[in-house]
Amino acid sequence: MTSYIFRRLAAGLVLALTILLIVFMLISSSFEDTARSILGQGATAEATEALMEDRGWARPILVQYGEWIMQAVQGDLGQSVFTSLAVLPEVMARLAVTLSLIVPALLLTAVLSVSLGVWAASRGGIVDRIAQLISLVGHVLPGLLIAIALVAIFGVQLGWLPATGYVRFGDDPAGWARSLIMPVIVLVIPGVANMAAQVRGKMIDELNKDYVRTLRSRGLSPRKVVLKHALRNAGSPALTVMSLEFIQMFGAALIIENVFALPGFGSYAFNASLQGDIPVILGIAVFGVVLVTVVNLATDIVNGWLNPKARVH
């Protein structure tokens, strides 16, 4: 198990560095545009070139990338080009907002999906068809449409929840929870639609296997067969789907946070990309890549612990 963990760590590190290199190379093509944005549209070519030299953007890409990585490892992600604020604390503050949205949504998605998937697979019949209908509806409805509908009904017409905005937990815990209810619902609906279908399919496969029939013939209760044996064997694929849902929710936060005016990671990335704020974009890339890599690594390790056969890959 130890060697497996080290292999996954090494693979994750190489993958993260490779992705960041690709991101850096893509962003490097916009260095000149950013320099013009700083100087203004009337800037001369000489002034633009001088600013790029001063910022170090005219040096070879690999040299810039190496220096940037070394600074990032030391916790220095530079300063925003337009606000002069340090990138690291700004990204950390906004990441906390995004995680306060994604973590409850992911936990709620996992509970509802497993419950719905196991219920549908073990009961069958009309129950299974209802579960499939719920999944279908969740797949068909666009998240943006759900968000607009929730805001129109519960935020504007009924006034039960704030239509937009974010309240810090330290200022008002109840207000913090109310400001996240609708965004969490928007993330949970498609998440449950996808994950419940996956859990249902895997549970049906497990319940049709020989060991389940053997356990039933020995007189074990259906509840024990389903929850203790079949669900445990279906846990590894379900965990993989859950990690993918986390990544999808992380991407969906870009839209959701802008719809609900949440000062999170997604809205910060969106504004930085519009401005061409290179240090901010790179800092966001670091946190995004590291977070996704850590989630995938944790998933691989847990899967390796649950399923020893996975360790040989």
Side-chain angles (χ1 to χ4, degrees), residues 95-123 127-128 130-151 154 161 166 169 176-206 226-227 230-260 262 264-266 288 291-303 306:
L95 184 61
V97 176
T98 299
L99 291 179
S100 69
L101 169 65
I102 293 177
V103 171
L106 188 64
L107 293 176
L108 190 57
T109 296
V111 171
L112 293 176
S113 298
V114 172
S115 301
L116 186 61
V118 171
W119 185 49
S122 58
R123 297 293 296 274
V127 172
D128 189 20
I130 291 174
Q132 292 184 62
L133 179 61
I134 293 174
S135 295
L136 178 62
V137 171
H139 277 297
V140 170
L141 291 177
L144 183 59
L145 179 61
I146 298 172
I148 294 173
L150 290 176
V151 169
F154 297 102
L161 297 170
Y166 177 78
F169 181 83
W176 170 81
R178 293 178 71 248
S179 67
L180 291 177
I181 289 177
M182 287 195 290
V184 166
I185 292 174
V186 175
L187 291 178
V188 166
I189 290 176
V192 171
N194 181 42
M195 192 171 174
Q198 299 291 334
V199 173
R200 170 190 170 275
K202 186 58 182 176
M203 282 296 298
I204 289 176
D205 291 340
E206 291 296 325
V226 170
L227 298 181
L231 182 57
R232 180 175 181 179
N233 290 331
S236 180
L239 185 63
T240 301
V241 174
M242 187 174 175
S243 68
L244 295 175
E245 283 299 325
F246 176 86
I247 297 171
Q248 290 180 2
M249 287 181 179
F250 198 73
L254 175 64
I255 299 175
I256 301 304
E257 288 174 358
N258 278 284
V259 171
F260 290 98
L262 301 177
F265 197 80
L291 192 61
V292 171
T293 302
V294 169
V295 169
N296 286 332
L297 178 62
T299 303
D300 288 343
I301 292 174
V302 175
N303 280 336
L306 291 174

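All heavy atoms count here, side chains included; hydrogens, waters and symmetry mates do not. No experiment lies behind these values; they were computed from the predicted model shown.
- The backbone N or O of Val97 sits less than 3.5 Å from a side-chain atom of Ser100, completing a donor-acceptor pair.
- Test Val188, Leu107, Ile189 against Leu112 for side-chain contact (heavy atoms from CB on, under 4.5 Å) and you get one pass: Val188.
- Applying the ring pair (Phe, Tyr, Trp, His ring centres under 6.0 Å) rule to Phe265 yields the partners Phe250; only residues at least two apart in sequence or on another chain are considered.
- Contact of the Leu95 side chain with the Leu291 side chain is registered, since non-hydrogen atoms from C-beta on lie closer than 4.5 Å.
- The two residues Thr109 and Val192 make their nearest non-hydrogen contact at CG2-N, 3.7 Å.
- With values rounded to the nearest 0.5 angstrom, Leu145 atom CG is found 9.5 Å from Leu150 atom CG.
- Annotation for Glu257 and Gly264: closest pair OE1-C, 3.2 Å, computed over non-hydrogen atoms.
- When all heavy atoms of Pro183 and Leu262 are compared, the closest pair comes out as CG-CD1, 3.9 Å.
- Closest heavy-atom contact between Leu99 and Pro104: O-CD, 3.8 Å.
- For Phe154, the ring pair (Phe, Tyr, Trp, His ring centres under 6.0 Å) criterion is met by Trp160, not counting sequence neighbours.
- Sorted by first and then second residue, the pairs that involve residues 245-255 and meet side chain to side chain donor-acceptor pair (under 3.5 Å), not counting sequence neighbours, are Asn194-Glu245.
- The two residues Ser113 and Met195 make their nearest non-hydrogen contact at OG-CB, 3.4 Å.
- Counting heavy atoms from C-beta outward, Tyr166 and Leu180 have side chains that approach closer than 4.5 Å.
- The heavy-atom pair separating Met182 from Leu161 by the smallest distance is CG-CD1, 3.5 Å.
- Taken to the nearest 0.5 Å, the CD1 atom of Ile247 stands 10.5 Å off from the CG atom of Leu106.
- Between the CG atom in Leu101 and the CG atom in Leu187 there is a gap of 5.0 Å [rounded to 0.5 Å].
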